[in-house]
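Right, one structure below, let's go through it.
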Amino acid sequence: MADDALRMIDEEQGTGDARRAGLRRQLLAGETTIWSRPTGPRRAFSSAAINPGAVAAARDRAVRFRPALAALFRQAGWNGAIASDLVAYPDVGGARILVKADHDLPVTGSIKARGGVYELLCRIEEIGLREGLLPADDYAVLTEPAAAERFARYTVSVASTGNLGFSIGLVARAFGLHARVHMSADAKAWKKERLIKLGAVVVEHPCDFNQAVDLARVEALRDGHIFIDDTSSAELLLGYSLAADEVLAQLEEAGVAPSLAQPLVVYLPCGVGGAPGGVTYGLRQRLGEALVTVFVEPVASACMMTALAFGNGAPMPVYALGLSNDTVADGLAVATASPLVLEAVGDDIDHIMALPDSAMLEWVRLAWRARGFRLEPSAAAALAAIEPLLAARPALAGAVHVAWTTGGSMQPDEEFLPLVETGVERATRAYRRTATS
Ligand SMILES: *Cc1c(COP(=O)(O)O)cnc(C)c1O
């Protein structure tokens with residue numbers, strides 16, 4: 001009896017190890033690779049910082065800041081709400097597809113406008129209160145010259161592969177704060193140039209994102225700067241989670257009511273995990289098991305898959321598997337996933353899809369031709385994951401699929417047009433050239 005039990009455990013171990021070895025082989029070969037969560041009840045999560053009450057407070061704060069954002073980033077008819085459209089997309093493999101068009105978000109043109117910018121607004125609100133700028137509930141006063149003078153005494157610091165730094169730098173400078181943006185080797189030249197024009201200081205690091213975060217954090221602590229930490233911030237996660245109510249209201253308007261029989265399948269491009277993690281947290285609260293989440297990563301930077309499939313749910317650098325973290329998807333070029341995200345929603349990730357760069361570049365072109373979307377490769381990952389998921393899980397063909405296109409509308413023509421006007425191989429070369437120029 002005891003011997004039998006022992007043998008069964010051995011066999012399970014054996015299969016688990018064999019599965020992991022197969023997964024690793026596939027990743028190292030650069031192939032499209034899927035990992036799926038073992039079935040079973042989900043681990044409950046609650047914390048003092050991340051809970052439904054905190055989400056409600058975050059929503060109120062975002063609303064309070066609308067007049068200030070509308071005043072600083074004048075766009076015709078814009079009321080200062082950080083929100084995007086939910087739009088129809090041609091069927092993929094017979095499945096109904098909707099696109100959550102965060103590539104077109106106001107202010108920054110990427111999903112960072114939801115989370116990264118939200119955390120910066122938390123810090124700005126604190127300064128406003130401390131400096132006596134906010135006697136009333138009228139946040140438009142924060143955009144007046146007297147406020148900018150006070151904000152100029154503060155420096156905000158952030159580390160990024162490009163979009164977070166771009167977004168934080170842009171908004172910090174608009175309010176009058178100094179900005180120090182630490183860019184990893186992945187960052188595109190145009191994002192750095194635009195920040196420098198806005199008066200931000202761009203510090204270039206020849207290393208990867210996680211190392212840039214460590215260097216920036218130490219410097220910010222030493223110099224008394226405000227540090228926006230993408231790898232451990234609950235506020236950032238809350239900012240992203242606000243997207244859940246927004247998309248659910250849009251789905252309701254479109255006549256979509258997710259259920260166990262017809263779940264909502266959401267494709268979320270994943271870097272360190274904050275953006276997809278926050279959206280997942282918000283949606284799981286509302287939908288429970290009527291939600292299927294698919295995190296999408298570049299195969300070379302599959303840090304979430306590495307943590308969940310190989311690291312027992314704890315962060316583990318992709319280098320440990322022999323992966324390079326070298327990808328055209330600069331928004332997702334992250335070697336180690338966020339420990340906070342793994343703790344908060346690690347057990348809410350149903351599938352992880354790792355994709356080769358060629359698939360993302362192909363879908364940049366397809367989405368341009370089909371709908372005129374200006375996507376960056378990181379954002380196109382969401383669309384690129386649909387076909388492989390349906391191939392692996394044909395039962396989901398009847399579900400409603402939402403591809404979250406996370407960035408790209410602000411790419412200049414010189415950056416974007418080579419991606420869509422040439423073949424995938426030439427596009428890859430063009431993209432790499434702009435990365436290092
Ligand atoms: C940052 C980013 C993501 C992923 O966000 P993480 O919080 O790093 O997981 C996805 N797409 C784009 C375009 C991004 O800029």
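The basis for the numbers below is simple: all heavy atoms, side chains too, and nothing from hydrogens, waters or symmetry mates. Given the structure is predicted, the values throughout are model-derived calculations rather than measurements. Counting starts at 1 for both ligands and their atoms, in listed order.
A heavy-atom separation below 4.0 Å is found between Cys270 and ligand 1.
Looking at Asn163 next to ligand 1, an N or O pair under 3.5 Å apart turns up. Polar contact with ligand 1: present for Gly271 (N/O pair, distance under 3.5 Å). Backbone and side-chain nitrogen or oxygen atoms of Ala379 are examined, and none is located within less than 3.5 angstrom of a nitrogen or oxygen of ligand 1. Considering backbone and side-chain atoms alike, Leu332 places every N or O at 3.5 Å or more from each N or O of ligand 1. Polar contact with ligand 1: absent for Tyr240 (N/O pair, distance under 3.5 Å).
Between the side chains of Tyr267 and His401, a donor-acceptor pair is found at a separation under 3.5 Å. For the residue pair Ser36 and His351, a side-chain donor N or O sits within less than 3.5 Å of a side-chain acceptor on the partner. In this structure, a donor-acceptor pair under 3.5 Å is present between the side chains of Ser84 and Asp102. For the residue pair His225 / Ser157, no side-chain donor-acceptor distance below 3.5 Å is found, with atom types taken as modelled.
If you look at His103 next to ligand 1, there are no close heavy atoms at all, none under 4.0 Å.
Ionic pairing of Glu235 and Arg123 is present here: one or more N-O contacts between side-chain nitrogen and carboxylate oxygen are shorter than 4.0 angstrom.
Evaluated for a salt bridge (Lys or Arg N to Asp or Glu O under 4.0 Å) with Asp347, the options Arg37, Arg42, Arg43 yield exactly one hit, Arg37.
Counting atoms of ligand 1 from 1 in the listed order, those under 4.0 Å from a heavy atom of Gly331 are 1 (C), 2 (C), 3 (C). Within ligand 1, counting atoms from 1 as listed, the ones closer than 4.0 Å to a heavy atom of Pro269 are 4 (C), 10 (C).
Counting only heavy atoms of the protein, atom 12 (C) of ligand 1 lies nearest to Thr406 OG1, 3.3 Å. Nearest non-hydrogen protein atom to atom 5 (O) of ligand 1 is Ala275 CB, 3.4 Å. The nearest heavy-atom contact from the protein to atom 3 (C) of ligand 1 is Lys112 NZ, 3.5 Å.
Using a 4.5 Å heavy-atom cutoff, the side chains of Tyr240 and Thr280 are not in contact.
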